[in-house]
Amino acid sequence: MTGKGPRKTVDDAHARARLLHAREFHESARSLVILAQSQSYNGAVTLMVHAAIAYSDAVTAKARGVVNQQDHRNAPRLLREVLGSHLPDRQEKILRKLLGRKDEVNYGARSTPLAEGERLPVELAEFAAWAEGLA
């Protein structure tokens, strides 16, 4: 066993497609937060998580032709493996934070309040700007 998480080999077209997906998820999440007047922003956070995953996939696909598979909690590890010291700690922290919200917003009972629904897009935007520069 190599200690590496499941991954899939992909081509440049996959990298471009995942970047497009990331942008779509990101824009949809932003719209939900701006337009919604809700008691819960779980739907928006779900989209933010999917955007972060897609941005990460776009970076690893472009850099090394691989994407994470199955357990998305391994995405930061693959990103670190692919980029090494070129992965800023801040970006890894943002990705881990968003991924950490995945199960809670999709399967948990806690609702995401407006304050968090407004704060997370700012962090995702920072991660996205960094990823766009590499993908």
Side-chain angles (χ1 to χ4, degrees):
M1 186 120 199
T2 64
K4 295 178 182 178
R7 63 197 59 211
K8 177 171 91 172
T9 302
V10 296
D11 60 15
D12 252 6
H14 188 89
R16 289 188 301 275
R18 289 304 282 158
L19 186 57
L20 177 60
H21 293 159
R23 291 171 180 157
E24 291 170 346
F25 287 133
H26 192 175
E27 183 57 35
S28 295
R30 235 189 329 254
S31 296
L32 273 179
V33 171
I34 291 169
L35 298 175
Q37 294 182 357
S38 177
Q39 296 299 317
S40 175
Y41 290 82
N42 286 4
V45 175
T46 295
L47 290 168
M48 289 178 223
V49 170
H50 285 287
I53 291 166
Y55 280 122
S56 179
D57 284 349
V59 169
T60 61
K62 180 75 173 178
R64 193 163 305 155
V66 295
V67 293
N68 184 65
Q69 290 280 270
Q70 296 173 4
D71 187 353
H72 291 111
R73 291 175 294 189
N74 289 327
R77 185 169 74 179
L78 179 59
L79 200 54
R80 176 65 68 192
E81 178 187 319
V82 167
L83 298 178
S85 63
H86 297 290
L87 172 60
D89 291 340
R90 170 81 178 144
Q91 302 312 323
E92 182 177 2
K93 181 180 178 182
I94 291 171
L95 179 58
R96 286 186 185 282
K97 180 178 187 176
L98 286 164
L99 292 174
R101 299 288 286 122
K102 185 176 187 287
D103 285 346
E104 187 175 342
V105 298
N106 286 308
Y107 312 113
R110 178 182 170 269
S111 293
T112 302
L114 176 61
E116 188 175 0
E118 291 176 333
R119 185 183 72 250
L120 288 174
V122 173
E123 293 176 355
L124 175 60
E126 181 182 334
F127 184 76
W130 169 80
E132 289 273 359
L134 297 176

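A donor-acceptor pair under 3.5 Å is absent between the side-chain atoms of D12 and the main chain of A15, judged by distance alone. Formation of a donor-acceptor pair under 3.5 Å by the S28 side chain with backbone atoms of E24 is found in this model. The main-chain N or O of R110 is found under 3.5 Å from a side-chain atom of N42 such that the two form a donor-acceptor pair.
A salt bridge links R80 with D89: the closest approach of a Lys/Arg side-chain nitrogen to an acidic carboxylate oxygen falls below 4.0 angstrom.
Rounded to the nearest 0.5 Å, atoms NE2 (H14) and NE2 (H21) are 8.5 Å apart. To the nearest 0.5 Å, atoms CD1 (I94) and CG (L124) are separated by 8.5 Å. Between atom CZ of residue R30 and atom CG of residue L47 there is a gap of 11.5 Å, rounded to the nearest 0.5 Å.
Judged purely by distance below 3.5 Å, without hydrogens or angles, the side chains of R7 and T60 never pair a donor atom with an acceptor atom.
By the 4.5 Å heavy-atom criterion applied to side chains, L83 and L134 are counted as neighbours. Between L19 and R16, the closest side-chain pair of non-hydrogen atoms is not below 4.5 Å. The side-chain heavy atoms of Q91 and L79, taken from C-beta on, include no pair separated by under 4.5 Å. Between E81 and R64, the closest side-chain pair of non-hydrogen atoms falls below 4.5 Å.
The neighbour count for R73 CZ, taken as heavy atoms of other residues, nucleotides or ligands under 6.0 Å away, does not exceed 12.
Ring orientation note: the planes of F127 and Y55 are nearly perpendicular, at an angle over 60° on the 30°/60° scale.
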